[in-house]
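Side chains included, hydrogens not; waters and symmetry mates left out as well; all remaining heavy atoms used.
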Amino acid sequence: MTDLWSLPDFDGHEAVTHVSDPTSGLRAIIAMHSTHLGPAAGGSRFWHYARGEDALTDALRLSRGMSYKNAMAGLPLGGGKAVILADDNRTKTPAMLAAFGRAVEMLGGRYVTAEDVGIGVADMQAVRRETRHVAGLPVAEGAVGGDPGPHTSLGVFLGIKAAVRRALGKDSLNGLHIAMQGAGSVASGVARRAAQEGARLTIADVDAAKAAALAQEVGGQVGDPATILATEADVISPNALGAILEDQSIAALRAPIVAGGANNQLARPEHGPALMARGILYAPDYVINAGGIINVSTEYLQDGDADVVRSRIEGIPDRLEAIWSESVASGRDPATVADGMARKLIGRG
């Protein structure tokens, strides 16, 4: 059996906890990549994995991404992530969420959780009954907290605009074609903002009804999930699951920009240079999609109000510009540049 330390996605993770609660049926993995800057923060993902090994890989990759994301956003937080393994029927019960909350509490504040794919605000309320180390809870209108999705969407939208300025020399999305992979909460927020600015949208999702509803709302068209990345467009915006930029998909790209909210978009490290070799401007995912964790951090640490959150999110384009400028100066691709910056920030430079 392959040990944890020799797995390709193990990157000096400080702790990886496997959680099992036979009574509720909970099976989960909590991975803490780094606590160099503060408690390991990152959401909980509820997903059906074909194999347990896939869940572990996801937890390792996502937690490392959170270390980089939090560091690059200037937050006093480390990086962690939890994955809750769903069964074939995606069964999720109050008992299961309670057991997960107890597992988080046992870590004594070293890990702070929030929403992610498959986990909503109501789920976090259930987890909160068992642990204090939760963010993304319901709040009054205008207060800091709640669903981090809209904040992620804002950051991704601003990042797309920054990429368009750099690659296309345009200050507006008006008349540009954006092909979006995904129609979830983050993609929906990006699509609405882009449509308001006059962008033309093609939207694809494995849930065809969801894609159709969003396309109708924003005056866009529905694309094929199998070929959306190969759409001829000004911007390809991945906003679903990760590891979608690999040899074949990169070779098929017909857009000068890739910028979206999905985590871990590059299947392997060599795919950052592959994008650059094709002349495609890439917005490193953990930089452009940091809006949600900025809101979560401000809620959990109580170090600002809604205006502070907005101001911090509006700093995302500047961070992307710094990465792209260093990429040009050094000849290294943006993903490699961003990784180097992040690793220095977490003491692993």
Membership question, hydrophobic clusters at under 4.5 Å side-chain separation (ILVMFWY): are Ile288 and Leu201 in the same one?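 In one cluster with Leu201: Ile288, yes.
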Between Val104 and Val296, is there shared hydrophobic-cluster membership here, with clusters defined by ILVMFWY side-chain heavy atoms closer than 4.5 Å?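 As far as the 4.5 Å side-chain criterion goes, Val296 and Val104 are not connected within one cluster.
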salt_bridge([X], [Y]) N-O dist < 4.0 Å:
X      : Y      : result
Lys210 : Asp205 : no
Arg193 : Glu197 : no
Arg268 : Glu246 : no
Lys81  : Asp116 : yes
Glu326 : Arg332 : yes

Test side-chain contact (heavy atoms from CB on, under 4.5 Å) applied to Asp333 and His271, Met276, Glu270, the passing residue: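 Of His271, Met276, Glu270, side-chain contact (heavy atoms from CB on, under 4.5 Å) with Asp333 is met by Met276 alone.
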Using salt bridge (Lys or Arg N to Asp or Glu O under 4.0 Å) as the criterion, list what pairs up with Arg319, not counting sequence neighbours.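 Residues passing salt bridge (Lys or Arg N to Asp or Glu O under 4.0 Å) with Arg319: none at all.
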With sequence neighbours left out, what residues match Arg200 under salt bridge (Lys or Arg N to Asp or Glu O under 4.0 Å)?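 In terms of salt bridge (Lys or Arg N to Asp or Glu O under 4.0 Å), with neighbours along the sequence ignored, Arg200 is linked to no residue.
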Could you tell me which residues satisfy ring pair (Phe, Tyr, Trp, His ring centres under 6.0 Å) with Tyr286, sequence neighbours excluded, listed by chain and number?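 In terms of ring pair (Phe, Tyr, Trp, His ring centres under 6.0 Å), with neighbours along the sequence ignored, Tyr286 is linked to Tyr68.
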With a 4.5 Å heavy-atom cut-off, do Val190 and Ile160 have their side chains touching?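 SC-SC contact between Val190 and Ile160 confirmed.
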